[in-house]
Amino acid sequence: MDNSEKYFQAKKQVGKIKDFYRHLTVYSIVIISLATINLTTSPQYLWFFWPLFWWGIGLFFHGMKVFNYMPFLGTNWEEKKINELMDKDKNQNR
């Protein structure tokens with residue numbers, strides 16, 4: 001990889017990180033708003049926990065992907081699986 005390709009890849013990664021932080025900001029604002037609405041209108045049923053939880057799971061996986069922490073099915077997994085299948089096919093054709 002030459003410097004221009006490295007720069008392009010780094011810029012692309014910075015854009016993904018920026019999008020994640022934007023997602024985190026929107027999540028925080030919306031959850032705080034929903035909690036405020038919930039606690040002022042019907043504090044006996046805390047329904048804001050549902051979007052907090054489910055959207056939080058999505059945000060968690062978004063962060064894992066952006067920061068390249070995918071212990072399962074990440075980019076390295078794909079390359080390893082391709083090599084494994086090619087080796088398996090190669091050994092069967094002997």
Side-chain angles (χ1 to χ4, degrees):
M1 247 201 259
D2 65 353
N3 281 343
S4 62
E5 283 183 54
K6 288 180 184 178
Y7 176 80
F8 177 74
Q9 291 296 327
K11 187 172 181 171
K12 188 175 175 181
Q13 183 63 25
V14 168
K16 289 178 182 180
I17 292 169
K18 201 164 121 179
D19 288 344
F20 170 75
Y21 285 127
R22 189 175 300 123
H23 186 183
L24 179 62
T25 301
V26 170
Y27 170 80
S28 300
I29 291 169
V30 170
I31 294 302
I32 290 169
S33 300
L34 290 176
T36 303
I37 291 168
N38 183 194
L39 294 173
T40 57
T41 60
S42 57
Q44 64 278 9
Y45 177 66
L46 301 177
W47 53 262
F48 80 93
F49 279 117
W50 294 107
L52 174 104
F53 178 73
W54 292 110
W55 190 358
I57 289 174
L59 183 66
F60 174 75
F61 282 109
H62 184 187
M64 286 179 62
K65 183 177 180 185
V66 166
F67 294 106
N68 294 321
Y69 182 75
M70 292 296 274
F72 43 87
L73 302 181
T75 54
N76 291 341
W77 174 87
E78 188 175 326
E79 192 64 35
K80 287 178 188 176
K81 195 64 175 175
I82 289 169
N83 290 332
E84 177 187 320
L85 292 173
M86 287 175 60
D87 289 343
K88 183 178 176 183
D89 186 50
K90 187 173 152 182
N91 291 334
Q92 286 179 349
N93 290 332
R94 285 187 182 178

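The model shown is predicted, which means the values in this text are computed figures rather than measured ones.
The distance from atom CZ of Phe60 to atom CG of Leu24, rounded to the nearest 0.5 Å, is 13.5 Å. Rounding to the nearest 0.5 Å gives a distance of 12.0 Å between CE of Met64 and CG of Leu59. The distance from the CD1 atom of Ile82 to the CG atom of Asp87 is 12.0 Å, given to the nearest 0.5 Å. A distance of 12.0 Å separates CG of Leu34 from CD1 of Ile29, quoted to the nearest 0.5 Å.
Gln13 places a side-chain N or O within 3.5 Å of a backbone atom of Val66 that can act as its donor or acceptor partner. Without hydrogens or angle criteria, Asn38 side chain to Ser42 main chain gives a donor-acceptor distance under 3.5 Å. A donor-acceptor pair is defined here as one N or O able to donate and one able to accept, closer than 3.5 Å; such a pair exists between the side chain of Tyr27 and the backbone of Leu52.
For the side chain to side chain contact (heavy atoms under 4.5 Å, CB included) test, residues two or more places apart in sequence or in another chain that qualify with Phe53 are Ile57. Residues forming a side chain to side chain contact (heavy atoms under 4.5 Å, CB included) with Tyr7 (at least two apart in sequence, or on another chain): Lys11. With sequence neighbours excluded, the residues forming a side-chain hydrogen bond (donor to acceptor under 3.5 Å, both in side chains) with His62 are His23, listed by chain and number.
For CZ of Phe67, the number of neighbouring non-hydrogen atoms (other residues, nucleotides, ligands) closer than 6.0 Å is greater than 12.
In terms of heavy-atom proximity, Ile37 sits nearest to Thr40 at O-OG1, 3.1 Å.
Using a 4.5 Å cut-off between side-chain heavy atoms of Ile, Leu, Val, Met, Phe, Trp and Tyr, with links allowed through other members, Ile32 and Tyr21 fall into different hydrophobic clusters. Tracing side-chain contacts under 4.5 Å through hydrophobic residues (I, L, V, M, F, W, Y), one never reaches Val14 starting from Phe8; they form parts of separate clusters.
Note on residues 22-48: pairs passing salt bridge (Lys or Arg N to Asp or Glu O under 4.0 Å), not counting sequence neighbours, are Asp19-Arg22. Counting only residues at least two apart or on different chains, no salt bridge (Lys or Arg N to Asp or Glu O under 4.0 Å) pair has a member in residues 31-51. The list of salt bridge (Lys or Arg N to Asp or Glu O under 4.0 Å) pairs with a residue in residues 55-66, not counting sequence neighbours, is empty.
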